[in-house]
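Just so you know, residue 1 is the first one in the sequence shown, and it goes up from there. Since the model is a prediction, treat every value here as computed from it, not as a measurement. In listed order, ligands and their atoms are each counted from 1.
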Amino acid sequence: MTDPTAHRLWIQEALNLQLAEPDERTLSQRLYDALRSGIQQGQLPYGSALPSSRQLAASLGMGRNTVLSAVDRLIAEGFLVSRPGAGVFVADWQWETQQRLEAPVPLPMALSQRGERLLDFTAPSIERHTAFVPGVPALDRFPRERWQRLLRRHQQRAPIDWFDYQNEGGVNALREALCDYLSLSRSVRCRPEQILITQGAQQGFELIARLLADVGDSVWMEEPGYGGAQACFASAGLALQPVPVDGDGLNVALLPAGTPPPKLIYVTPSHQYPSGATLSLSRRTALLGLAQQHNAWIIEDDYDSEFRYTSAPIASLQGLMDNAPVIYVGTFSKVLYPGLRLGYLVLPPSLVANFQRINARLHREGQYVAQAALADFIDAGHFSRHVARMRRCYRHRQAALRQALAPAVARGLELSSGHAGMHLIAYLQSHALERELVHRGKQAGLRLSPLSGFYLQSPSQPGLVLGYAGAPEAEIERAGRWLSETWLTLTA
Ligand SMILES: Cc1ncc(COP(=O)(O)O)c(C=O)c1O
């Protein structure tokens, strides 16, 4: 740079021009933006001297403090340097390199191999729920006002500690309320300290996968099974081993000889997702023995056991014996609502401290206000009343769906038993029919979930998983009639 002051006049004129137009930004922000873009676009090259703040303020008609605040910010960010006694200059920030970097080369879109694999476990987009989306509870029946009141009350009372980082495993009152509920209703053996509150079951699976298995270890999974858990274990680099499910649940006897032993075994024993099977007592005992034999952990996902229509909830696998090699995973996504993002793990005492410690590092604990409100919700009996109401509601919604599908059922459409849960399965004759129904559903604005999508491997059983809990009866009836008629047309 021959004459570092050569740009002073340009600066004053250019800034005057740029600042002449009216604008909503503050004067200091506008001066900052104008100088910064002049530097980034090379109009103010390295070494150019800025007019003094006094000169700039006078020529631009603004206060000196306004100028200084913009200039100081650019100095702090490294675009300008101040040389005491000499003035302020454009810094050597290698704008040429930056310009080269900013050349229109598209940013890479490729995901890691793991990311690419995860795409297989996800729907292309998150769609708002329609009549048949499985796993969505009756949001329209949630007692929102009572819940909001509780939240407000606990927000007002929240101790200052709850604004800090937490590492206690969750709000004690909630762990105590849960412990009572789980012992009574689910025969889970636990003490409040064994409960770790998570942001949903999914986060619980994540923790288990990362803390109890290493990359390449085998996780045995129900086939067909829950995509959320499949995605989670795949992302932790585990080898997913499908285990066929029949009328009695997971059937390890059907595994080919030489199958690598499990490190983790994921099961939904109360109500297999999505087939609806209940893991028989003899298989439960055998599974506990198998886990002991291989030093493996069973992950018991008890996501919706509250919703049984023909019998009392089935006791948990975890509670079958003392020291069961089981981590019990629960969630409030089905009994309350998924946006709450609260779930929990019941850990064996030996794992509690390490899970708590690593969870606080990996995910951070949170939502203490919602946790405290939930403890009150349970203690005051609102939770059990809500569950009882939802059980009635889902029974009616299922009946509405069955009635709407009756014409097709009369002509051979087979439905699952529906003795529990929030969905029915309609079994189909072929994958071609499954594809066609999903396609026509999409055209009619209905998202139909193909049963084959719940399998890790082929061959799969074709069918549709029909959620009925999340939509009012009229909507369920309308969608059910559409499905019945379409099935009849396609199979005529
Ligand atoms: C089998 C199963 N487990 C667990 C969950 C709940 O997961 P989360 O608590 O992360 O919402 C679901 C929700 O769809 C599910 O279907």
Side-chain angles (χ1 to χ4, degrees), residues 118 121-123 126-127 129 132-139 142 170 174 178 182 186 195-209 219-233 235-236 240 242-243 245 249-250 264-279 298-308 314 316-318 326-346 359 363 366-367 370-371 374 390 394 416 420-425 447 449 451 453-456 465-470:
L118 282 175
F121 296 101
T122 56
I126 307 289
E127 295 165 51
H129 74 270
F132 289 142
V133 174
V136 182
L139 304 177
F142 184 70
L174 178 60
L178 262 174
L182 292 171
R186 314 289 310 110
I195 297 180
L196 172 64
I197 306 292
T198 60
Q199 288 169 41
Q202 197 70 10
Q203 195 178 76
F205 303 147
E206 270 270 306
L207 273 175
I208 296 169
V219 52
W220 289 9
M221 308 211 53
E222 297 162 330
E223 175 85 330
Y226 176 47
Q230 293 166 351
C232 204
F233 299 138
S235 88
L240 275 49
V243 184
V245 163
L250 186 88
L264 301 175
I265 305 170
Y266 168 86
V267 268
T268 45
S270 298
H271 185 232
Q272 202 275 325
Y273 191 79
S275 79
T278 302
L279 192 66
I298 297 173
I299 304 166
E300 176 174 17
D301 178 6
D302 204 21
Y303 63 104
D304 76 348
S305 56
E306 288 82 2
F307 304 126
R308 285 195 94 77
I314 310 269
S316 68
L317 179 60
Q318 190 265 13
V326 176
I327 298 172
Y328 179 95
V329 184
T331 176
F332 290 100
S333 291
K334 312 291 149 178
V335 265
L336 299 181
Y337 62 99
L340 181 58
R341 299 319 303 143
L342 281 179
Y344 49 93
L345 298 179
V346 180
N359 179 51
H363 301 300
Q367 312 204 63
Q371 290 188 35
L374 184 48
M390 289 306 97
Y394 296 161
S416 57
M422 299 156 74
H423 67 263
L424 286 177
I425 298 182
R447 196 183 116 198
S449 307
L451 179 56
F454 290 73
Y455 284 75
L456 288 166
V465 179
L466 304 171
Y468 54 74

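- Under the rule for a ring-ring contact (aromatic ring centres under 6.0 Å, His included), Tyr468 has no partner lying at least two apart in sequence or in another chain.
- When all heavy atoms are compared, the tightest approach of Leu207 to Leu196 is CD1-CD2, 3.9 Å.
- Residues forming a side-chain hydrogen bond (donor to acceptor under 3.5 Å, both in side chains) with His423 (at least two apart in sequence, or on another chain): none.
- Residue-level contacts of ligand 1 at the 4.0 Å heavy-atom threshold are Gly200, Ala201, Gln202, Tyr226, Tyr266, Tyr273, Asp301, Tyr303, Thr331, Ser333, Lys334, Arg341.
- For Phe454, the ring-ring contact (aromatic ring centres under 6.0 Å, His included) test picks out Tyr273, with sequence neighbours left out.
- Ring geometry, Tyr344 versus Phe332: the interplanar angle falls from 30° to 60°, so the pair is classed tilted.
- A distance of 10.0 Å separates CE in Met390 from CE in Met422, rounded to the nearest 0.5 Å.
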